[in-house]
Amino acid sequence: MHVFLPDGKRLEVPENATGGDVAAAIGPGLARAALGVVVDGRLSDLLSEVHEGANVNILTGKDGEVIELMRHTLAHVMAQAVREVFVEQGFDARSVRPGIGPVIENGFYYDFELPRTLTPTDLEAIEARMREIVSANLPLMKFERTRDEALSFYKDQLNPYKVELIEDLPDGESITFYQQGVDPDRGFVDLCRGPHVPLTGTLPKHFKLLSVAGAYWRGDEQRPMLQRIYGAAFRTEDELETYLWQVEQAKLRDHRKLGRELDIFTLDDEVGPGLPLWLPRGTVIIEELEALAREIELRSGYQRVRSPHLSKESLFLKSGHLPYYADSMYPPMELEGIRYYVKPMNCPFHHKIFAARPHSYRDLPVRLAEYGTCYRYEKSGELFGLMRVRSMQMNDAHIYCSEEQFEAEFMRVIDLYLEYFKLFGIDDYLMRLSTHGKAGLGKKYVDNEVLWERTEAMVRSAMDRGGVPYVEVADEAAFYGPKIDVQIKSAIGREFTLATNQVDFAVPERFNLEYIDADNKPRTPLCIHRAPLSTHERMIGFLLEHFNGDFPLWLAPEQVRVVPIADRHTPYALSVRQQLNDQGLRSEVDMRGERMNAKVRDAELLKVPYIVVVGDREQESATVSFRSRKEPDRKAVPIGEFSAHVSKVAVERQLDIEPIALA
RNA sequence: GCCAAUGUAGCUCAGAGGUAGAGCAAUCGAUUCGUAAUCGAUAGGUCGUCGGUUCAAAUCCGACCAUUGGCUCCA
């Protein structure tokens, strides 16, 4: 048979040739350097056969893709090391039961059922053993087994996980194994579809086991919890060091750390988990966000409403929340025989507000906005600083519209997201369209397939026409309709949903919402739930990390810090502050008996955007000297000019400070 | 919720059966200083909570609470 090389050359190779055979046919030097192969654009390994007429590209250590193979093989090496370490401690080899061990973004992991829990010291021992296995330069072999052979192999090993994996393989799929080491009793054999490097000696030394964590078998909390070991691996020392450094740097941006250092929020044991307290500086930020949203919504035809924090059980039964969301709601309180729930969402109230007055088609769309605080009983392990809390202020609104208006309204909401994102300089995000899954109809989702299909088509069409890029994920919709989420990553790499925009074609009907159409017939409106600024908790958590605490002027809790050089300058400093306050700016004077240097430093640590220094010279000339992120040392700027400039930057919500032009 | 680790002063951390420590922050005093830490003094803690072991527990054991890292879920 023959294959084609990247230069188009045709190469004759024996029947059933592997990637390794192809490399050998090209030349002995390449055969020695080869680590993997790309066959018809797909990553494969030297142990796997290539097919007749394949386009083959041999990979060596110079090719970036080989790290995939290396990470995968390292996962197997780790499994071998874990088994050897446990056997050495007197455990039966069969008590170490590997689950799955895939490649991930910066390395790999492997899940195991083990006879005891792992400790950090175990990681050191396992890593040391891994290095020995790498040094031993064990060859890897690939072989195929029948389903029965494969099953009996793992039944002998007492490994139910691999048995389950094999049972789930579709008929006709070949069942392949990789073995490292010639003697399977001393090496390691694993069910695996590959690909792998040919020798453990080709693996880089630049790996590090990072952590142990519990992980449910197949991610299902009903199933056993295995122990997962995470490792990072790179081709070069530099890459590994850079990665570990980035992890450290990311920790410095963590909103929980910044929130404490900048006096933004606090969590108190006696108040309760996931119930943040907003300190004065944090409250400023929330209120600036609210002011922004109010302003924009006023321009966009929204009306503000208000609703209570709790209601009778019947409201949530009607909305459908209780059957679907009871687990994440605070339990009811009973008064005079009636059960009340604290609200997990504002929508039922807004539906009731819509229903409180008759509506004509001429009124639509009706847009009701409220930054209502909701309470959800998130599972304890899921709480995370401000990003995942139990009390949250939703940047909420519900838009009631006709089907004809839907697409335009939906796009207006998407445009709103984009307007906000531009204002905050957010450009690293992913829009995700979540659609229903057929299997969930009647359980996870409202049972009306026709409506689902129709609404999903409307959303797709709105997104396509607006030219907004998005990815589609099946089976992740809300129970009442499809949704668009905006996904972002926190500083430490955790993913969160920021904005959300959900279509609701089901609940308005349950609430008998209607408007009188032009033909004098009642019709049910569609409802769009939207939260472009997410919850204010999460938004601020995100913004803290996004700006690393260096907020744009309009959001900065304190905009100008005035530093008098000596006590005799305090009255002038106070008068400067007064002039700034009169312009609507947030300013404080540092009157401590500290040296100016210390005051400047403390203001820098609090990331105050403008630090004004006043002494004799400023006092005599009614000027200020200051520093900002863009201007390290500006001298003698007339006070009026300074305050006018700063308030302009704040009022216009400029993302960056712009230096004051020289007069 | 599950698995694991952690919990000492406002913050960052040391102490590992025998009278609770440091730096920063705070308070007081001195200093009045020109762009990232002035000097000195003082005060501050039932060592997460409750129980157990012990002559003696921050330290050992147990339960609970909280936080952190994951799993799962979501704004």
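In what follows, chains carry the letters A, B, and so on, assigned in the order in which the sequence lines appear, proteins first and then strands, with residues in each chain numbered from 1.
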Between [X] ([atom1]) and [N] ([atom2]), how many Å, whole number?
X: A:Arg116; N: B:rA5; atom1: CZ; atom2: P; value: 11 Å
X: A:Asp633; N: B:rA36; atom1: CG; atom2: C1'; value: 13 Å
X: A:Phe108; N: B:rG70; atom1: CZ; atom2: C1'; value: 16 Å
X: A:Tyr216; N: B:rG70; atom1: OH; atom2: P; value: 15 Å
X: A:Lys379; N: B:rU72; atom1: NZ; atom2: P; value: 11 Å
X: A:Glu113; N: B:rC3; atom1: CD; atom2: P; value: 14 Å
X: A:Asp616; N: B:rU32; atom1: CG; atom2: C1'; value: 10 Å
X: A:Arg218; N: B:rU72; atom1: CZ; atom2: C1'; value: 16 Å

Before we go on, tell me: are the rings of [X] and [Y] under 6.0 Å apart, centre to centre?
X: A:Tyr480; Y: A:His529; value: yes
X: A:Phe424; Y: A:Phe542; value: no
X: A:Tyr110; Y: A:Phe108; value: no

Taking the side chain of [X] as its heavy atoms from C-beta onward, which of [options] lies nearest to it?
X: A:Glu221; options: B:rC33, B:rU72, B:rC71; value: B:rU72
X: A:Pro273; options: B:rA75, B:rA66, B:rU72; value: B:rA66
X: A:Arg256; options: B:rG69, B:rU35, B:rA75; value: B:rG69
X: A:Met596; options: B:rA75, B:rG1, B:rU35; value: B:rU35
X: A:Leu383; options: B:rG34, B:rA26, B:rU67; value: B:rU67
X: A:Arg601; options: B:rU12, B:rC74, B:rA36; value: B:rA36
X: A:Ser625; options: B:rG1, B:rG34, B:rA75; value: B:rG34
X: A:Tyr230; options: B:rG70, B:rU32, B:rU35; value: B:rG70

Remember a base hit wins even if backbone is also touched, and classify [X] as base, sugar-phosphate or nothing at under 4.0 Å, heavy atoms.
X: A:Thr535; result: base
X: A:Arg228; result: sugar-phosphate
X: A:Phe496; result: nothing
X: A:Leu605; result: base
X: A:Ala598; result: sugar-phosphate
X: A:Gly219; result: sugar-phosphate
X: A:Met394; result: nothing
X: A:Thr117; result: sugar-phosphate
X: A:Asp220; result: nothing
X: A:Asn597; result: sugar-phosphate
X: A:Glu594; result: base
X: A:Val389; result: base
X: A:Asp269; result: sugar-phosphate
X: A:Glu378; result: base

If you assign A:Lys483 and A:Gly381 each to the RNA chain B nucleotide with the nearest heavy atom, which residue ends up on the more 5' nucleotide?
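Its nucleotide being nearer the 5' end, the pick is A:Gly381.
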Could you check A:Pro632 against A:Ala215 and say which one's nearest nucleotide on RNA chain B is further toward the 5' end?
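Comparing both residues, the 5'-ward one is A:Pro632.
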Would you measure the distance from the [atom1] atom in [N] across to the matching atom in [M] and give it in whole Å?
N: B:rC11; M: B:rC74; atom1: C1'; value: 32 Å
N: B:rG52; M: B:rG10; atom1: P; value: 28 Å
N: B:rG21; M: B:rG29; atom1: P; value: 28 Å
N: B:rU49; M: B:rU6; atom1: C1'; value: 16 Å
N: B:rG48; M: B:rG15; atom1: P; value: 15 Å
N: B:rA20; M: B:rU72; atom1: C1'; value: 42 Å
N: B:rC39; M: B:rA56; atom1: C1'; value: 43 Å
N: B:rA4; M: B:rA16; atom1: P; value: 27 Å

If you compare every side-chain N and O of [X] against the phosphate oxygens of [N] (OP1, OP2), does one of them come in below 4.0 Å?
X: A:Gln502; N: B:rA75; value: yes
X: A:Arg260; N: B:rU12; value: yes
X: A:Ser211; N: B:rG70; value: no
X: A:Arg595; N: B:rG34; value: no

Would you state whether a donor and an acceptor, one from the side chain of [X] and one from the base of [N], lie under 3.5 Å apart?
X: A:Arg376; N: B:rC73; answer: no
X: A:Arg568; N: B:rU32; answer: no
X: A:Glu604; N: B:rU35; answer: no
X: A:Gln222; N: B:rG1; answer: no

Where does the angle between the aromatic ring planes of A:His255 and A:Phe384 fall among parallel (under 30°), tilted (30 to 60°) and perpendicular (over 60°)?
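Rings of A:His255 and A:Phe384: perpendicular, as their planes differ by over 60°.
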Lys/Arg cation over aromatic A:Tyr377: A:Arg390, 6.0 Å, 45° cone
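Pair A:Arg390/A:Tyr377 counts as cation-pi.
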May I ask you to check if A:Arg304 and A:Tyr371 form a cation-pi contact, with NZ or CZ under 6.0 angstrom from the six-membered ring centre and within 45° of the axis?
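Satisfied, under 6.0 Å and within 45°.
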Compare every heavy atom of A:Leu555 with every heavy atom of A:Glu288, then report the nearest pair and how far apart it is.
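Nearest pair, atom of A:Glu288 first, then A:Leu555: CB-CD2, 3.8 Å.
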Short N-O contact, [X] and [Y], less than 4.0 angstrom:
X: A:Lys251; Y: A:Glu248; value: yes
X: A:Arg281; Y: A:Glu558; value: yes
X: A:Lys379; Y: A:Glu221; value: yes

For B:rU59, give the paired nucleotide (Watson-Crick: N1-N3 plus N6-O4 or O6-N4; G-U: N1-O2 and O6-N3; both under 3.5 Å), or none.
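Pair assignment: B:rU59 / none.
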